[in-house]
Each structure stands twice: as C-alpha cells, then as structure tokens.
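Take a look at the structure below.
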Amino acid sequence: MAIKGLEIRDISATRYAALGISKVPRMTKLIDLSTCIGCKACEVACMEWNDLPMDETYRAAGGYQTIPDLAHNFWNLIKFNEVDNGNGLLWTMAKHQCMHCENPGCLRACPAPGAIVQYTNGIVDFVQENCIGCQFCVTGCPFNVPRISPKNQKVYKCTLCSDRVAAGLEPACIKACPTGCLQFGTKEQLLEYGRHRVRELRSRGFKDAAIYDPPGVMGTHVIYVVPYGNHPEVYGLPADPRIPALVSLWKGPLKTIGSTIMLGGVTAALLHYLTYGPMEVKPDTDVKKQR
Amino acid sequence: MDQLKQTTTQPRPYNGHKDIERFSLRERLVHWTVAVSFVYLMLSGLALYFPRLYWIASLLGGGTTIRVWHPYVGAVFFITFTIMFYPWKRCMLLYPEDWEWLRNIWSYITHRGKTLPEIGRFDPGQKIFFWLMASAGVLLFVSGIPLWFPEKFSWNVRLVSIFTHEVASTAAIAGIITHIYMGTIGVPGSLSAMTRGKVTQEWAKTHHARWYRRLKEKGII
Ligand code: HEM
Ligand code: SF4
C-alpha cells in the first residue's frame, strides 16, 4: 500500500494484485447536466490544483469551448454542442473527463505492470513512472480520454484528485462548482440523489431524464444526470460505451491461443529431437566406391 | 572408423572432396541482420504481450526503451527482409513435386515410410517458411505503423492494427521456432551453410539432391 486511503484493487499487466483490506467506500462524482451553466469554474480549479497552466495557444474556433479537446495537461473540459433534437435547436454543455470505469479499458489494454492502477475507492490512476508511452490505453478507453504528453511521452488524465480524496477532501472541480451541479460522495448516496433529480426533471417535463452510469463498463465512478437521457450523444457522451471487442479478444483468448502455439512449438521441436532424432546426413556410397 | 564417421553428427568433408558453397557472403550478412533484428523484435514484443514475460524488458533496458526501439528495429527487419526477398523469391516457388513432398511430410518428419521426391536448392518446408515470413513481415510492418504513431490514426485503425500485429507475430514466431530448430540441432550440418557459407557434399546430396546434381552437371563441383 503506497498511500493510506489509496489501497490498490487492480494493477495493469499484473496477475495477483494485492487487494486492500480496509473497508473503503466507493467514491463517485455526479454531474447534473440540468444545472450546469457552463461557467468553467471546474476547468480552472482543475488546472490550478494540478498545477497545469496552459502552455499552448489554440486557434480560436469561435465558440464557448476553451480548447477543441482534452489534452495531456487539460483534464477537465466543458464541451459545448449545438444539436437539432427534432423540435428545435438544443445548446448543450457537458463536463468531460475520465469516467473512472469500474471495468477500465485502459487498464485492461496496458502492457506495463503498474502503469495504471485502480484503487479500492474506485479511482483509476496513471502512474507515469511505470508508463512506457505505448498508448494502448488510449485504444482501450471507450471514452477517448488519456492523452500522451509531448514533453515526456507519458500518458495523463483526470485523477479524480486522488491526492485530495486520500486526504478526505473532495476533488477540486467539485469544490469550485457554483451551482451544485457537481456532487461528490459514495456511489450509493449519489445514485440515490440522482434518482431524486431524475424524478424532479420528469415532473418538469423532461420525460426521458435518466442517470448515465453505463453498464457496458460495469458502471462508472463519474455519473451524470441527463435531461435527454435517451440521447446522451447530444452531450457528447457515447450511447453504449464498452471495452472494444478486439481489445478483449486480444487480451483474452488470443493470448491463450498464442502461448499454446509457442509453447507447443518448442515442445514439439524438443520431442522430435528426442524421439525421431535429427535429420542425419546419409553416408555417401559413391564417395566410398571411389576410394 | 568409416562407420563412426558416417554417424557422427557433424559431418566433415571426405578427403579429397571440397565443400560446396551454399550461401554467398552477401546472403549470409543479410540473413543474420534479419535474424538478429527478428530475435530482438520477438523478445521485446513478447515482453509487451505477456505480462509474465515483462522481465525480458529489464534485460533489454526497460519498458520505455523497448517501446522506443522496437519500431526502429522493425524497420530494419522489414528493409533487410525485402533485400533478402527479391533474390530468393524465384527459388522459393512451389512446384507440383513440392506438393507431393508435402503430402508425405510425415515420412520426412519421422524418417520412415515413403521415399520423397528429390529436393532442389530449398525444400518445400523452407519455401513455406519463406512465404510465411514474407507475408507476416508485410502484415507486421503495415500494422506496426499505427502502433508506432497512434495519435495519427483513427480508433478503428488502431484496434485492427493491434489485432493484426498480434496474429501475424504469433504465426511468425511459430515459424521461427521450427526454423531455428531445423537450422541448429534438427538438421546437423546446415548451420555451417549460414556461418561459413559452405556445406559438405554428403549434406547436399542428402537434403538437396536435385540441387547437388545440378551443380555437378554444371561442373561447379
Ligand atoms: C536466430 C536464429 C536463426 C538461425 C539459427 C537461422 C539459421 C538458418 C540456417 C542454418 C539456414 C540455412 C538453411 C539451409 O542451408 O538450407 C537459414 C536459412 C534461412 N533463414 Fe534463418 N536462421 C535464423 C533466423 C531467421 C529469421 C528470423 C528469418 C526470417 C525472418 C530467417 C530466414 C531464413 C530464410 C528465408 C532462409 C532460407 C530458407 C530456409 O532455410 O528456410 N532466419 N537460417
Ligand atoms: S501509454 Fe502508459 S499507461 Fe497507457 S497503455 Fe501504454 S504503458 Fe500503459
């Protein structure tokens, strides 16, 4: 156990991860998309707490959004979207960051032992010292979140402020949110609160309001209350995120088949040597006759 | 004494019989560049593929080091394999008698049963190995590029590449296990073909009778 409060539950490319023994609640962030006003206080708080000032000037795209997409040093982005939802234009704003999946695709795909860890409290964290920079995690992630740093070729993303959480504090973004749209607590508490918000929204006419806690990755530790719950895409959230089938195949059955073929090949060669023996050169009768 | 000589595993030339040149210096240099780069690619690749074998990464300088070097060595492998490919591709074509040989491969493996058709410069097993490595090489190279620069490729391309890279490398490694076995202990006398460049006349007659006869006819030996 490295840090008290951050006991480990799962480690990339490691078979027998030491499961922590203390009883730690599963922590979760809730984002209520019906009360987000797009003020970007969370973006600033994230940059500030993590000491990640902007180091690049982006060409202005002419919009509200700070930068076009998440970056290695920008882990929390409000994405603004204009969509036609059938009865008029909808202007959406939604906070994007690592979802801290219960079954993290990045961790499954990572080949470097200890580069990605999942704590017992549910946070998925990157350990840059062990990262080799292959970016398999980017391919394994159904939400397209991790980003390689051009400075050191290591991968970064939102830590859910694991350092603050370990010390009993809420993440920086939560602390900064002025509307209460961001909440932090245990998963049970927040699901309860989310259901309450969904009921309220439905009574106000958002009949499709729902909680976004995608089952394809066994749920996430960042959940949303979505007014148009039947269309999370209008907020830029994937409708049915799951670990890509090719990643599961690659890290699962193909590995077994591959090791069987390789070990089988070596064994077959050795057995051939021991049973039938090598292909000996035949004595040359012509040569003998000549002598 | 003669009897002893005949069964010894390292055939030596009979007195008065010169060894035959099998691979030119150029062929050998190319082969060993291909071989060394392939072995590096295999070891570093296995370290990244099987967490159980990650310790190989430490032997090769650590995970980040192999992540950086693997693609460059891959480029060396691909280029040198291409240099090896063109001069050999014609002698590697499979003919009807090769298929006949392959149908009876079990007799070859067990050294008993049918007498097999005479073999030219390369036997059908070697030919298949050549084409296996050529096609795996192309697949590995093509699928390796998105793994080298993942930022430049779409999600789907990266997914298909990882998958292809892995299937092709498994096939190539299966091939190389057989090849290394046959090239070292499996067929005594063949390693010298790739080291000194020469084989004994008996070796040539035993394993590549048609090739041997052709050289005789041409008066090369
Ligand atoms: C590192 C271990 C290796 C050893 C000990 C080895 C040994 C040999 C030997 C002794 C031969 C001559 C066979 C003969 O005279 O008929 C040969 C030929 C050849 N080698 Fe290798 N080799 C190795 C790796 C490789 C690799 C990695 C490749 C290609 C990817 C390769 C491709 C070939 C080809 C195409 C031939 C000619 C056809 C054949 O013999 O199959 N070798 N090798
Ligand atoms: S980039 Fe780093 S964290 Fe991501 S898969 Fe590769 S080694 Fe793991």
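By convention in this document, chain letters (A, B, ...) are assigned in the order of the sequence lines, proteins followed by strands, and residues within each chain are numbered from 1. All values below were derived from every heavy atom in this structure, side-chain atoms included, with hydrogens, water molecules and symmetry-related copies excluded.
- Put simply, of A:K251, A:K154, A:R15, the one with the most heavy-atom pairs under 4.5 Å next to chain B is A:R15.
- For chain A, the nearby parts of B:T110 are the backbone and the side chain; heavy atoms of each come within less than 4.5 Å.
- A 6.0 Å sphere centred on NE2 of B:H31 holds more than 12 heavy atoms belonging to other residues, nucleotides or ligands.
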- Message: Could you walk me through whether A:K282 and B:K205 satisfy the side chain to side chain contact (heavy atoms under 4.5 Å, CB included) test, starting with their C-alpha distance in whole Å, then the side-chain angles of each, then the deciding distance to 0.1 Å, before giving a yes or no?
- Response: CA-CA 8 Å; A:K282 288 196 207 89; B:K205 251 184 129 169; over 6 Å; no
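- Annotation: the span from B:H70 atom NE2 to A:C134 atom SG amounts to 11.5 Å, rounded to 0.5 Å.
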- Item | B:F50/A:M262 under side chain to side chain contact (heavy atoms under 4.5 Å, CB included): CA gap, chis, key distance, verdict | CA-CA 12 Å; B:F50 294 107; A:M262 292 174 205; 4.3 Å; yes
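- Taking all atoms of both residues into account, the shortest heavy-atom contact from A:V281 to B:H207 is CG2-NE2, 4.3 Å.
- With a 4.5 angstrom heavy-atom cutoff, A:S259 touches chain B via backbone and side-chain atoms both.
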- In sequence, state the C-alpha distance, the side-chain angles, and the governing distance for B:Y49 and A:L254, and then conclude on side chain to side chain contact (heavy atoms under 4.5 Å, CB included). CA-CA 11 Å; B:Y49 187 35; A:L254 275 186; 4.0 Å; yes
- Take A:I132 and B:L48, measure what side chain to side chain contact (heavy atoms under 4.5 Å, CB included) needs, and give me the verdict at the end. CA-CA 10 Å; A:I132 64 168; B:L48 296 183; 3.5 Å; yes
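- Counting non-hydrogen atoms of neighbouring residues, nucleotides and ligands closer than 6.0 angstrom, the CZ atom of B:R196 exceeds 12 such neighbours.
- Here A:G133 is the residue among A:A268, A:G258, A:G133 with the most heavy-atom pairs under 4.5 Å with chain B.
- Contact annotation for A:I257: neither backbone nor side-chain heavy atoms come within less than 4.5 Å of a heavy atom of chain B.
- What you find for B:R112 and A:Y276 is that their closest heavy atoms are NH1-CE2, 3.9 Å.
- Residues of residues 149-173 of chain B placed with any heavy atom under 4.5 Å of a heavy atom in chain A are listed by number as B:P150, B:E151, B:W155, B:R158, B:L159, B:V160, B:I162, B:F163, B:E166, B:V167, B:T170, B:I173.
- Here the side chains of A:L270 and B:Y181 are not in contact, with every heavy-atom distance at 4.5 Å or above.
- In terms of non-hydrogen atom pairs under 4.5 Å with chain B, the most contact-rich of A:C110, A:G140, A:P113, A:A112 is A:P113.
- For B:W69, the CH2 atom counts as loosely surrounded, since its 6.0 Å shell holds 12 or fewer non-hydrogen atoms of other residues, nucleotides or ligands.
- Contacts with chain B were tallied for A:T14, A:V266, A:V247, A:N130; A:V266 has the most, counting heavy-atom pairs under 4.5 Å.
- Contact tally against chain A (heavy-atom pairs below 4.5 Å) for B:I109, B:V68, B:I66: the top residue is B:I109.
- Around atom CG of A:L274, more than 12 heavy atoms belonging to other residues, nucleotides or ligands sit under 6.0 Å away.
- Among all heavy-atom pairs drawn from A:K255 and B:P51, the shortest one is NZ-CD, 3.6 Å.
- Contact detail for A:G277 and B:H111: the closest heavy-atom pair is O-NE2, 2.9 Å.
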